[in-house]
Amino acid sequence: MPLLTGAEPFRHEGGETAVLLCHGFTGSPQSLRPWAQHLAACDLTVSLPLLPGHGTRWQDLGVTGWQDWYAEVDRELRLLLDRRERVFVAGLSMGGALALRLAASHGDSVSGVMVVNPANKMHGVAAHALPVLRHLVPATKGIASDIAKPLSRELGYDRVPLHAAHSLRDFLRLVDGELPQVTQPLLLMRSPQDHVVPPADSARILGRVSSTDVTEILLEQSYHVATLDHDAERIFQESTAFIGRLAPGAVKEPGLGKEGTTAGG
């Protein structure tokens with residue numbers, strides 16, 4: 001299937017400090033592209049891959065699982081570690097969970113973690129019914145585009161395939177058990193008004209990681225997809241400040257680097 005316009009992965013060859021960005025469940029790189037472009041403008045090397053099953057049609061997501069999504073970001077991380085001195089991982093929603101697992105698995109190779117409204121658990125009665133329900137119902141209503149800012153839209157599926165949702169539930173349970181292995185500096189940015197991921201998920205993550213350098217930022221003006229919402233600029237500024245503190249000299253003034261490239265999937 002052809003990619004949806006705007007769902008293409010993004011890559012930028014910048015300096016010796018790199019950032020791997022992970023998008024969310026049923027979403028696409030479009031939700032993080034402004035963030036990626038800001039990091040690229042600061043002369044950071046940036047990789048924003050398209051996760052398998054995403055960016056085409058929801059039926060394609062239904063035949064993938066967490067092992068496919070994680071394998072993609074793990075591969076990208078290894079490529080960056082081979083080429084750059086320092087690598088940070090970041091993500092939105094499920095992408096935040098992917099970033100946390102990368103940090104837990106790769107240890108000191110990862111210099112820091114930045115997450116926005118990270119998912120930790122599937123909530124509600126439907127989550128408990130998924131093992132059976134996924135064999136009876138192919139999909140349910142979508143979760144994309146929870147954004148407060150008028151006219152801002154997330155490119156994501158309007159349906160959630162339940163086989164993939166069941167796999168996501170298993171993945172979040174796995175990551176929750178690995179959170180104590182996360183020791184890197186952590187920047188967690190969350191929206192108090194989030195209609196997809198409740199505040200309890202961020203609280204659980206903050207309570208279970210072993211990181212001693214932890215910063216929590218509240219995104220008061222945004223909903224779930226805060227990277228496309230009113231607080232987007234704050235996310236960009238907080239993340240570059242976080243990187244600059246941990247990797248002095250890595251962040252250049254915006255506009256001095258080369259433009260990033262959108263890669264076909």
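This one's a predicted model, so the numbers in the text were calculated from it and none came from an experiment.
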Side chains of [Y] and [X]: any donor to acceptor distance under 3.5 Å?
X: Ser145; Y: Arg153; result: no
X: Asn117; Y: Ser191; result: yes
X: His224; Y: Ser93; result: yes

I'd like to know if [X] pairs up with [Y] as an ion pair, taking the criterion as any Lys NZ or Arg NE/NH1/NH2 lying under 4.0 Å from an Asp or Glu carboxylate oxygen.
X: Arg78; Y: Asp82; value: no
X: Glu178; Y: Arg173; value: no
X: Arg84; Y: Glu13; value: yes
X: Asp158; Y: Lys141; value: no
X: Lys121; Y: Asp201; value: no

Would you please test Thr26 and Trp58 for side chain to side chain donor-acceptor pair (under 3.5 Å) and show each step?
CA-CA 7 Å; Thr26 76; Trp58 68 262; over 6 Å; no

Please tell me if the side chains of [X] and [Y] come closer than 4.5 Å, counting only heavy atoms from C-beta onward.
X: Glu220; Y: Pro192; result: yes
X: Phe236; Y: Pro34; result: yes
X: Arg190; Y: Leu219; result: no
X: Val160; Y: Phe25; result: yes

Cluster overlap [X] with [Y], hydrophobic side-chain contacts below 4.5 Å:
X: Val214; Y: Leu100; value: yes
X: Val110; Y: Leu81; value: yes
X: Tyr223; Y: Met189; value: no
X: Leu102; Y: Leu174; value: yes
X: Val89; Y: Leu172; value: yes

Can you tell me how far [atom2] of [Y] sits from [atom1] of [X], rounded to the nearest 0.5 angstrom?
X: Ser47; Y: Leu80; atom1: OG; atom2: CG; answer: 5.0 Å
X: Phe88; Y: Leu39; atom1: CZ; atom2: CG; answer: 10.5 Å
X: His38; Y: Thr240; atom1: NE2; atom2: OG1; answer: 4.0 Å
X: Leu187; Y: Ser211; atom1: CG; atom2: OG; answer: 11.5 Å
X: Glu154; Y: Ser31; atom1: CD; atom2: OG; answer: 5.0 Å

Is the number of heavy atoms from other residues, nucleotides or ligands under 6.0 Å of Asp108 CG greater than 12?
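Counting neighbours around CG of Asp108, 12 or fewer heavy atoms of other residues, nucleotides or ligands fall under 6.0 Å, so no.
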
Would you say Gln181 has more than 12 foreign heavy atoms packed within less than 6.0 Å of its CD?
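Enclosed.
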
Are His54 and His23 an aromatic pair by the rule of ring centers under 6.0 Å?
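His54 vs His23: aromatic centres under 6.0 Å.
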
Ring center gap for Trp69 and Phe171 short of 6.0 angstrom
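No, the ring centres sit 6.0 Å or more apart.
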
Tyr157 six-ring centre to Arg57 NZ/CZ under 6.0 Å and within 45° of normal:
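Judged by the rule, Arg57 and Tyr157 form no cation-pi pair.
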
Is there a donor-acceptor pair closer than 3.5 Å between any side-chain N or O of Arg11 and the backbone N or O of Val46?
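Between the backbone of Val46 and the side chain of Arg11 there is no qualifying donor-acceptor contact (under 3.5 Å).
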
Step-by-step side chain to side chain contact (heavy atoms under 4.5 Å, CB included) determination, Met94 to Leu98
CA-CA 6 Å; Met94 179 189 77; Leu98 290 168; 4.1 Å; yes

